[in-house]
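First up is the structure itself, then whatever we jot down about it.
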Amino acid sequence: MRMKRITYKLFLITSFILLAFACLIYLTLYFFLPTFYEQYKTDQLQTGIVEMIDESKDLPIQNALPLFDEYAQKNNAMIYLHNKEGIIIYASFLSVIQGNAHPSPNGMYDITVPLRNSNDLPNSFDVTMPIQFQDANLTLVVSATYQPINEASQVLALFLPYISIIVVIIGIGSAYLYSRFITRPLIYINKAAQKMANLDFSERIEVRANDEMGELSNSLNDLSRNLQQSMLDLQDANQKLKSEMEKEREVEKKRRDFFAIVAHELKTPLTIMKGHLEGMMYNIGPYKDRDTYLQKNFQTVQDMEQLVREIIGISKLEQHTFKLQLEEVNLAELIDTITKNLGFFASQKDIHLIKKIDSQLSVHTDRFLLEKACKNIIHNAIMYSPNGEKIYIEVKQNSLLHQINFRVINTGVKINEEDIQHIFKPFYRIEKSRNRNTGGSGLGLFIVKQISEALFITYSINNTEQGVEFLVILPLSIK
């Protein structure tokens with residue numbers, strides 16, 4: 001609708017301009033053409049008179065008469081030659097001359113005709129000038145009328161209605177075609193621009209022109225491509241931001257859950273210690289044996305201290321400022337150190353540790369973190385294996401994939417598939433009673449998960465025919 005209004009406005013403006021110019025031209029012709037023609041005719045008549053006078057000086061009257069005849073015919077004028085006595089020697093209308101002529105001694109016709117006053121001829125040109133010939137000095141009288149141009153002006157006024165009709169038809173038709181020609185590409189461009197405004201960039205504007213319209217279409221096409229690319233980039237950025245926000249919310253939720261569980265884990269031993277201390281303070285029942293319950297409280301404090309150390313270690317791993325201390329680590333030496341430290345726990349349950357490790361295998365990684373992860377895996381296998389079982393520890397290299405496989409298998413035990421899905425969550429324990437004598441704090445495998453992500457380690461836990469297998473795939477080097 002807006003483009004139609006533009007076409008309508010352009011049509012009215014163009015029609016008005018064309019009609020105004022037509023009226024201006026008509027009025028100019030009507031009012032100024034007679035004046036212009038009169039001036040032009042006057043100059044022409046005067047120039048012809050000067051030329052006749054100049055040429056007649058060297059000619060006798062008889063030889064100069066053709067000049068006057070030619071001038072009279074050319075300018076539609078009447079010419080008279082008369083002497084001092086007023087007798088007409090020559091007149092351009094021979095019929096008049098012949099009807100009233102009396103031969104003179106020199107052979108010319110003497111015509112006695114009174115000269116008319118110039119006022120007798122309306123809109124006429126009248127000049128009386130002396131003229132010299134070789135054989136006489138006479139007076140030249142020239143009279144011409146402007147009546148034809150006046151008649152033309154009157155005819156032009158009578159023809160005005162027909163001219164007006166023609167001008168209106170031509171003007172309106174030309175204005176309509178002109179407005180349609182100009183606004184057609186504008187309407188086309190506007191439709192494409194409306195699609196762009198609705199974020200539809202499927203249509204390209206095709207205006208084949210080397211003028212501003214062509215430049216406008218090319219600019220809009222460039223704008224469409226840039227907007228489309230910007231929209232795609234913005235969508236990608238929004239998707240990434242949405243994903244990051246979801247991850248951040250998930251991390252925040254895990255953090256809140258983690259601290260809630262930490263508070264619960266610390267609250268239980270503190271409550272136990274508070275009960276023991278109150279019983280000892282007031283000598284209630286069995287709590288009179290202070291040495292026994294002091295020893296239990298001391299063990300509880302040690303457990304809490306170990307829990308706090310593990311929480312601090314997890315917090316360090318989650319910090320972005322944590323830096324790995326990379327070095328060359330011999331895996332055989334590392335596993336030997338770990339099994340020696342855990343030998344006491346294995347011996348209490350009569351568990352045999354069977355190792356199969358190549359003494360030459362080594363990786364370039366953080367020794368402290370790798371030792372912590374391997375120790376938690378082996379310790380977890382000891383804690384959840386029945387008495388008298390075996391734990392196989394195998395380390396071998398996969399030359400094709402440039403990696404090392406570290407495998408721990410504890411026999412005589414199975415893990416429910418439901419527990420396997422949650423076993424790496426913080427404070428998750430298969431043993432639901434949460435008895436410290438049958439299990440740890442529930443952070444061991446969660447710490448293994450955190451260390452594996454920091455050291456780019458792939459891990460998995462599965463049930464096998466022998467028992468439970470924990471597989472760790474170590475990269476040879478961390479870049």
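Values in this document were obtained by computation on a predicted structure and should not be read as measured data.
Partners of Tyr71 by ring pair (Phe, Tyr, Trp, His ring centres under 6.0 Å), not counting sequence neighbours: none found. Taking the side chain to side chain contact (heavy atoms under 4.5 Å, CB included) definition, one finds that Met281 meets it with nothing, sequence neighbours left out. Under the ring pair (Phe, Tyr, Trp, His ring centres under 6.0 Å) criterion, Phe345 pairs with His379, not counting sequence neighbours. Scanning for salt bridge (Lys or Arg N to Asp or Glu O under 4.0 Å) contacts around Arg407 gives Glu394, Glu469, with sequence neighbours left out. Under the side-chain hydrogen bond (donor to acceptor under 3.5 Å, both in side chains) criterion, Ser385 pairs with Asn410, sequence neighbours left out. Residues satisfying the side chain to side chain contact (heavy atoms under 4.5 Å, CB included) criterion with Lys390, sequence neighbours excluded, are His352, Ile354, Tyr392, Thr411. For Asp233, the side-chain hydrogen bond (donor to acceptor under 3.5 Å, both in side chains) partners are Gln229, not counting sequence neighbours. In this view, Gln39 and Asp43 satisfy the side-chain hydrogen bond (donor to acceptor under 3.5 Å, both in side chains) rule, not counting sequence neighbours. A search for side chain to side chain contact (heavy atoms under 4.5 Å, CB included) contacts involving Thr47 returns Glu51, not counting sequence neighbours. Scanning for side chain to side chain contact (heavy atoms under 4.5 Å, CB included) contacts around Val50 gives Asp54, with sequence neighbours left out. Not counting sequence neighbours, Ser359 has no partner by the side-chain hydrogen bond (donor to acceptor under 3.5 Å, both in side chains) test.
The main-chain N or O of Ala77 is never found under 3.5 Å from a side-chain atom of Asn75 such that the two would form a donor-acceptor pair. Under a 3.5 Å cut-off, the side chain of Thr464 and the backbone N or O of Gly467 do form a donor-acceptor pair. Between the side chain of Asn380 and the backbone N or O of Asn376 there is no donor-acceptor pair closer than 3.5 Å.
Between Gln46 and Thr42, some side-chain heavy-atom pair lies under the 4.5 Å cut-off. A 4.5 Å side-chain heavy-atom check between Pro475 and Val363 finds every atom pair outside the cut-off. The shortest side-chain heavy-atom distance between Glu328 and Ser362 falls under the 4.5 Å cut-off. Val448 has its side chain within reach of Ser452: a pair of non-hydrogen atoms, C-beta onward, lies under 4.5 Å apart. With contacts defined as side-chain heavy-atom distances shorter than 4.5 Å, the pair Leu361/Asn330 does not qualify. With contacts defined as side-chain heavy-atom distances shorter than 4.5 Å, the pair Leu370/Ile457 qualifies. In this structure, the side chains of Leu369 and Leu455 come closer than 4.5 Å at one or more pairs of heavy atoms. In this structure, the side chains of Ile404 and Val395 come closer than 4.5 Å at one or more pairs of heavy atoms.
Nearest heavy-atom pair across Asp366 and Leu326 is N-CD2, 3.9 Å. Nearest heavy-atom pair across Ile391 and Val408 is CG2-CG1, 3.9 Å. When all heavy atoms of Phe424 and Lys449 are compared, the closest pair comes out as O-CD, 4.0 Å. Scanning both residues, Tyr384 and Lys349, for their nearest heavy atoms gives N-NZ, 4.4 Å.
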- request: Kindly determine whether Lys396 and Ile357 satisfy side chain to side chain contact (heavy atoms under 4.5 Å, CB included), including the steps that lead there.
  value: CA-CA 7 Å; Lys396 65 179 181 179; Ile357 305 171; over 6 Å; no

message: The test is side chain to side chain contact (heavy atoms under 4.5 Å, CB included); show your working for Asn462 and Leu471 and say whether it passes.
response: CA-CA 8 Å; Asn462 298 288; Leu471 176 62; 5.9 Å; no

message: Assess the residue pair His364 and Val329 against the criterion (side chain to side chain contact (heavy atoms under 4.5 Å, CB included)); give the C-alpha distance rounded to whole Å, side-chain angles, the decisive distance to 0.1 Å, and a yes or no.
response: CA-CA 6 Å; His364 189 73; Val329 180; over 6 Å; no

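Atom CD of Gln325 is separated from atom OG1 of Thr365 by 11.5 Å, given to the nearest 0.5 angstrom. Rounding to the nearest 0.5 Å places CG of Leu234 at 8.5 Å from OG of Ser230. Once rounded to the nearest 0.5 Å, the distance linking CZ of Arg249 with CE of Met245 reads 5.0 Å. With rounding to the nearest 0.5 Å, the separation of CG in Leu277 from CG in Leu294 is 7.5 Å. Between atom CD1 of residue Ile393 and atom CD1 of residue Ile409 there is a gap of 10.5 Å, rounded to the nearest 0.5 Å. Between Phe446 atom CZ and Ile451 atom CD1 the span is 11.0 Å, to the nearest 0.5 Å.
No more than 12 heavy atoms of other residues, nucleotides or ligands lie within 6.0 Å of NZ in Lys247, so this atom counts as exposed by the packing criterion. Other residues, nucleotides and ligands contribute at most 12 non-hydrogen atoms within 6.0 Å of the NZ atom of Lys375. Within a 6.0 Å sphere centred on CD of Glu327, other residues, nucleotides and ligands contribute more than 12 heavy atoms. The environment of Gln360 atom CD is sparse: at most 12 non-hydrogen atoms of other residues, nucleotides or ligands sit within 6.0 angstrom.
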Sequence neighbours excluded and cut-off under 3.5 Å, please list the side-chain donor-acceptor pairs for residues 332-344, or say none.
from: Asp336; atom 1: OD1; to: Lys355; atom 2: NZ; distance (Å): 2.6
from: Thr337; atom 1: OG1; to: Glu333; atom 2: O; distance (Å): 3.0
from: Thr339; atom 1: OG1; to: Ile335; atom 2: O; distance (Å): 3.0
from: Thr339; atom 1: OG1; to: Asp336; atom 2: O; distance (Å): 2.9
from: Thr339; atom 1: OG1; to: Lys355; atom 2: NZ; distance (Å): 3.4
from: Asn341; atom 1: ND2; to: Thr337; atom 2: O; distance (Å): 3.2

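Taking the six-membered ring wherever Trp is involved, the centroid distance between the rings of Phe406 and Phe470 does not fall below 6.0 Å.
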